[in-house]
Amino acid sequence: MASIANLRAREILDSRGNPTVEVDVILDDGARGRGIVPSGASTGKAEALELRDGDPKRYHGRGVLKAIENVEQVIAPAVRGMDANEQEALDARLCELDGTENKSRLGANALLGVSLAAARAAAASAGVPLFRYLGGEEAVDLPVPMVNIASGGLHGGGNIDFQDFQAIPLRAERFSEALHDVVLIYRAMKDVLKARGAYSAGVADEGGYAPRLKSNEAGFEVMVEAFERAGFAPGKDAAIAVDVAASHFYRNGRYQLSTEREEWSSADLVERLAGWAERYPILSIEDGVAEDDYEGWKLLTGRLSKRCQLIGDDVFVTNLRRLAEGIRDGIANAVLVKMNQIGTLSETLEVIRLAQRSGYRTVVSARSGETEDDSMSDLAVGARAGQLKVGAITRSERLAKYNRLLRIEERLGDRAVYRGAQVFSAFER
Ligand code: PGA
Ligand code: ZN
């Protein structure tokens, strides 16, 4: 028994300088755990609610003092004395205290801070690292990273519509080698963009470049050029993962491409994506169509699911019911996993387990607004998620996650498993 003695919560700042929730859980035996909550910009409509104060006098209304108060005044008295080892009971209690479908009373940010901090405290009390606390002795698989190289959309100043151009390293046999390889690709991209006159100084929200490109397709071209320049055979040594984030340019049933100055139907968009998947080494497409375009999702999945990983982010929002519906309807073949989209660790683990039972791949993901919290790296290993998406290889809120995995790899030593390209071996290419 590791009883919860107290909770402390405070307002701190995330990587965009926005307030966020940090919670400390203190156990009877003196063990402590901390959880810090990230924040998205390109959010799905059905995400659990991030409670913000709305007080224009503080942080343009983005303060989180109400969420802090909810932790200390509402949650703390209700969970004091509970066993931190009983994560599911604790998370069920948090959901019950909130009492709403989308965690709008206490805030998903309040709930997740407590949920994460309790898991960390329980692991500390047991004297084991978080990944082992979550996954036991079998948790030895390091995830394959899909690493942001260039950004558009809401993360990259809107130069192009598509949000994320990422590299999947395929040559590496260890996680640390994979990271080494993407650093070479990242560096090569700077030269590629400069040569095209598309480079702009500074980085996007996830640490990648924010290039001035003339079309969305140019994003795929520069990725291939960066692979080649860095000495990686496109499609063999490295592949492209794109987050189209299509919900954000979907209006009135049409896709409004501002780069192309064109309006596409879902069939148009799916055909373009299929054409690009023929011509470029694209192995993974996230939110290829919008969250509300369910017919588009069926079209996309029918057209490309044998060839590409098709990840649902906005459409599933790490929500068990939504994922179950998607599986039933044959939509996508992978799910993005963001703890703050749903608000508790247990519900996140349930989503990963359902996906795994159903043959859907899982990608544990950061948000565009992040912090030094690195628990998602432990989650990826502990739940044997297989893949990780946490942004570029610059900016320390991103490196916190990659560096944590380097430490886990070192700790596991000979027992570490890295499946690398095997994760994608089922796709016909
Ligand atoms: P967000 O974006 O964190 O801004 O929501 C990440 C994503 O769309 O995958
Ligand atoms: Zn996304």
Side-chain angles (χ1 to χ4, degrees), residues 14-18 20 36-50 52 62 108-109 112 143 145-158 160-168 203-208 210 216 219 240-250 273 282 284-293 297 300 308-319 322-323 326 331-343 348 351 361-371 373 376 380 385 387-392 395 397-398 400-401:
D14 73 11
S15 59
R16 280 191 281 245
N18 287 326
T20 193
I36 320 178
V37 181
S39 175
S42 146
T43 49
K45 280 197 278 197
E47 290 192 22
L49 184 108
E50 177 184 82
R52 299 260 174 209
R62 301 188 64 80
N109 42 356
L112 182 62
M146 54 172 71
V147 180
N148 175 285
I149 306 290
S151 287
L154 296 175
H155 295 169
I160 43 176
D161 304 290
F162 295 1
Q163 180 174 288
D164 251 326
F165 290 87
Q166 303 155 102
I168 304 180
V203 292
D205 281 3
E206 300 199 353
N216 285 290
I240 300 171
V242 60
D243 183 0
V244 177
S247 307
H248 302 283
F249 53 89
Y250 185 61
L273 290 170
I282 300 172
S284 181
I285 302 173
E286 178 179 333
D287 286 353
V289 292
E291 57 197 336
D292 293 330
D293 185 6
W297 262 110
L300 177 72
C308 289
Q309 169 166 269
L310 301 173
I311 308 174
D313 172 11
D314 291 351
V315 70
F316 296 146
V317 291
T318 318
N319 179 304
R322 292 179 70 99
L323 176 62
I331 283 194
N333 58 27
V335 57
L336 205 72
V337 177
K338 294 167 167 166
M339 290 188 268
N340 82 320
Q341 279 184 329
I342 190 65
T348 306
V351 163
R361 288 170 181 73
T362 57
V363 184
V364 169
S365 172
R367 301 309 303 245
S368 49
E370 266 297 332
T371 73
D373 188 292
M376 72 190 64
Q387 295 172 70
L388 181 86
K389 171 190 165 181
V390 298
R395 299 180 48 141
E397 79 278 6
R398 313 288 146 192
K401 284 67 164 171

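Quantities reported herein were computed from a predicted structural model and do not represent experimental measurements. Remember, it's 1-based here, ligands and their atoms both numbered in the order they're listed. Along the sequence shown, residues are numbered consecutively beginning with 1.
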Residues A210 and A204: closest non-hydrogen pair is CB-CB, 4.3 Å

For S42, the atoms of ligand 1 under 4.0 Å from one of its heavy atoms are 1 (P), 2 (O), 4 (O), 5 (O), 8 (O)

Test of proximity, E206 against ligand 1: N or O pairs below 3.5 Å: no

Per-atom filter on ligand 1: closer than 4.0 angstrom to a heavy atom of G40 are 1 (P), 3 (O), 4 (O), 5 (O)

Under 4.0 Å from one or more heavy atoms of A41, ligand 1 contributes atoms 1 (P), 4 (O), 5 (O)

Within 4.0 Å of some non-hydrogen atom of D313, the atoms of ligand 1 are 7 (C), 8 (O), 9 (O)

Checking heavy atoms under 4.0 Å, the part of L154 that sits near ligand 1 is neither

(Q) Using the rule given for salt bridge (charged side-chain N to carboxylate O under 4.0 Å, His left out), can you reason through E47 versus K338, listing the C-alpha separation, both sets of side-chain angles and the distance that settles it, and then say yes or no? (A) CA-CA 10 Å; E47 290 192 22; K338 294 167 167 166; 5.2 Å; no

Rounded to 10°, the OD2/D313 to the Zn ion (ligand 2) to OE2/E286 angle comes out at 90°

So CD of E370 and CZ of R398: to nearest 0.5 Å the spacing works out to 5.5 Å

Shortest non-hydrogen pair, I285 vs C308, comes out as CD1-SG, 4.3 Å

Atom 6 (C) of ligand 1: closest protein heavy atom, distance to 0.1 Å, is K338 NZ, 3.3 Å

Exactly one of V351, I331, I311, D287 clears side-chain contact (heavy atoms from CB on, under 4.5 Å) with F316, and that residue is I331

Side chain or backbone, does Q163 bring an N or O within less than 3.5 Å of an N or O on ligand 1?
yes

Atoms of ligand 1 under 4.0 Å from any heavy atom of D243, numbered from 1 in the order shown, are 7 (C), 8 (O), 9 (O)

Only residue of V37, T20, L49, N340 satisfying side-chain contact (heavy atoms from CB on, under 4.5 Å) with N109 is V37

Residue, atom and distance of the protein heavy atom nearest atom 3 (O) of ligand 1 read S368 N, 2.8 Å

**Q.** R367 with D14: basic N within carboxylate O range, under 4.0 Å
**A.** no

TODO: May I ask you to check whether S365 has an N/O atom sitting below 3.5 Å from an N/O atom of ligand 1?
DONE: no

Taken to the nearest 0.5 Å, the spacing of R361 CZ from Q387 CD works out to 7.5 Å

So the atoms of ligand 1 within less than 4.0 Å of a heavy atom of L336 turn out to be 9 (O)

The Zn ion (ligand 2) has as its nearest N, O or S atom from D243 the atom OD2

Looking at R367, Q341, H155, the heavy atom closest to atom 2 (O) of ligand 1 belongs to H155

Quick one: does any side-chain atom of K401 pair with a main-chain N or O of D373 as donor and acceptor, under 3.5 Å?
yes

Within 4.0 Å of some non-hydrogen atom of K389, the atoms of ligand 1 are 7 (C), 9 (O)

Check: D164 and E286 side chains under 4.5 Å, non-hydrogen atoms
no

